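Read the numbers this way: they start at 1 and go in the same order the structure lists the ligands and their atoms. Start at 1 with the first residue, then count along the sequence. What you are looking at is a predicted structure, and each value in this text was computed from that prediction instead of being measured.
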Amino acid sequence: MEKVYNNESGAHRREGLSYRLLPEEIQQYNELGYLILNNVLTESEMLSIDPWFERFISGKERHRMGKDFCDMSQPYDTPMEDFQLVNAMLPSTYCPEFANNIFQRITQNIADQLYDAKSSIDYEQFLAKKPAKKKAEFAMHQDLGYWPKTKNTWTATFSLALNDADVDNGCLYLIPGSNKEAELREHKPKDYGNQNPNEINRDDSHTLVIERKPEDQLVYLPVTRGSISIHDERIVHGSGGNNTNEWRKTYIIAYRDVETIREERAMGFTHSHNDKVDWKEIIH
Ligand SMILES: O=C(O)CCC(=O)C(=O)O
């Protein structure tokens with residue numbers, strides 16, 4: 001059975017740059033691997049994020065981004081006008097003026113409540129599903145399946161809704177508790193159906209996919225503009241296509257232990273799709 005989740009959090013939890021988590025929320029995150037926090041950013045704070053998002057998603061920065069401007073539901077060689085699930089990696093790296101923005105500052109405070117460790121932003125990403133793109137699906141995966149092996153794996157990934165997201169426009173879905181599975185599931189490069197299965201590789205498309213198991217029970221996470229979802233590195237998740245006439249827009253930031261980030265960088269891994277790494281060699 002598929003369900004929809006929501007909770008009682010709200011703007012009353014904000015004080016300056018802090019958003020107070022309740023002990024039961026921290027417990028839910030630890031046990032089930034995810035959490036929703038409502039109304040984390042005010043409308044005026046959201047208005048300070050919007051123009052940056054539009055600048056990247058419209059492709060204005062694409063000439064210097066290489067594979068960091070791509071479609072996460074299609075191969076890299078897809079022409080921009082045919083994009084469905086538009087992905088712009090590392091916006092603050094390309095535009096350092098965007099760094100230290102309000103979403104970054106508040107999520108650091110929340111990450112510090114979730115993990116008793118020194119953490120920092122590992123990467124950021126803007127994602128947008130174009131209207132009426134039924135195939136703008138983010139294939140089901142565990143984030144760790146995309147990343148190199150490190151001593152410590154913990155990650156808190158925050159997704160800020162820039163507009164209301166629901167089942168119809170392709171909000172996030174996940175399998176609560178799948179973060180506790182003993183083994184990471186097998187991840188394979190996405191098969192677009194027109195390639196030799198032995199030749200599918202990460203130079204053609206960044207996207208990885210895991211098989212859905214019959215017992216998997218998806219929970220959908222609808223969120224309103226200014227609200228966020230948080231998920232950990234092992235939870236099985238993805239998102240569906242956009243069946244509406246509106247965009248779905250998301251700003252993602254992932255926090256990891258500063259030592260883990262140092263380890264990744266020493267391998268040449270920055271979460272840029274342009275990283276010159278041997279994907280088969282370093283990835284889980
Ligand atoms: O928001 C989405 O559609 C998917 C995002 C995702 O998979 C992630 O942040 O790991």
Side-chain angles (χ1 to χ4, degrees), residues 4-5 29 33-37 49 53 56-57 68 70-74 83-91 103-104 107 110-111 114 121-131 133-147 153-176 178-179 184-185 187 189-190 205-210 212 216 218-244 246-256 271 273 283-284:
V4 169
Y5 163 91
Y29 177 76
Y34 76 104
L35 194 59
I36 291 207
L37 299 174
I49 305 273
F53 191 90
F56 276 88
I57 292 300
D68 283 337
C70 65
D71 183 327
M72 282 302 287
S73 64
Q74 301 191 80
F83 279 14
Q84 306 173 139
L85 174 51
V86 190
N87 179 35
M89 296 301 296
L90 308 175
F103 185 46
Q104 294 183 351
T107 47
I110 300 172
L114 290 173
I121 294 177
D122 187 14
Y123 73 93
E124 292 174 291
Q125 186 173 6
F126 286 156
L127 263 187
K129 292 186 183 183
K130 285 189 182 170
K133 296 289 181 196
K134 292 187 175 149
K135 293 198 170 152
E137 296 166 353
F138 205 119
M140 206 154 88
H141 64 281
Q142 294 163 292
D143 291 342
L144 206 50
Y146 274 87
W147 302 337
T153 64
W154 76 256
T155 313
T157 299
F158 296 79
S159 299
L160 171 69
L162 273 83
N163 63 333
D164 296 356
D166 58 20
V167 176
D168 291 341
N169 67 2
C171 70
L172 199 66
Y173 59 67
L174 46 72
I175 304 173
S178 53
N179 55 314
L184 210 58
R185 298 193 191 183
H187 287 69
K190 186 167 172 177
S205 149
H206 197 72
T207 307
L208 299 176
V209 191
I210 54 177
R212 191 168 164 186
D216 286 342
L218 301 185
V219 167
Y220 286 86
L221 305 185
V223 272
T224 54
R225 173 168 160 90
S227 300
I228 66 177
S229 65
I230 315 172
H231 66 265
D232 80 4
E233 74 280 8
R234 298 190 74 98
I235 196 157
V236 174
H237 64 285
S239 61
N242 187 351
N243 295 303
T244 71
E246 306 294 329
W247 288 73
R248 178 196 159 217
K249 303 176 182 178
T250 320
Y251 174 16
I252 296 165
I253 303 184
Y255 286 81
R256 306 193 89 188
H271 293 267
H273 294 198
I283 302 302
H284 269 275

Do N169 and K129 have side-chain heavy atoms sitting under 4.5 Å apart? no
Over all heavy atoms of both residues, which pair between D232 and D143 is shortest? Give the atoms and the distance, please. O-OD2, 4.2 Å
Cationic N near anionic O, under 4.0 Å, D216 to R185: yes
Rounding to 0.5 Å, atoms CD (E246) and CG (N163) come to a distance of 7.5 Å
Could you go through ligand 1 and note, for every N or O atom, any protein N or O atom closer than 3.5 angstrom, writing the atom names and distance to 0.1 Å, or 'none'?
from: ligand 1; atom 1: 1 (O); to: R248; atom 2: NH1; distance (Å): 3.4
from: ligand 1; atom 1: 1 (O); to: R248; atom 2: NH2; distance (Å): 2.9
from: ligand 1; atom 1: 3 (O); to: S239; atom 2: OG; distance (Å): 2.6
from: ligand 1; atom 1: 3 (O); to: R248; atom 2: NH1; distance (Å): 2.7
from: ligand 1; atom 1: 7 (O); to: H141; atom 2: NE2; distance (Å): 3.2
from: ligand 1; atom 1: 7 (O); to: H237; atom 2: NE2; distance (Å): 3.1
from: ligand 1; atom 1: 10 (O); to: D143; atom 2: OD1; distance (Å): 2.9
from: ligand 1; atom 1: 10 (O); to: D143; atom 2: OD2; distance (Å): 3.4
from: ligand 1; atom 1: 10 (O); to: H231; atom 2: NE2; distance (Å): 3.3
from: ligand 1; atom 1: 10 (O); to: H237; atom 2: NE2; distance (Å): 2.9

According to the interplanar angle, ranging from 0 to 90°, do the rings of Y255 and F158 count as parallel (below 30°), tilted (30 to 60°) or perpendicular (above 60°)? perpendicular
Supply the atom-to-atom distance W147 CH2 to Y123 OH, rounded to the nearest 0.5 angstrom. 4.5 Å
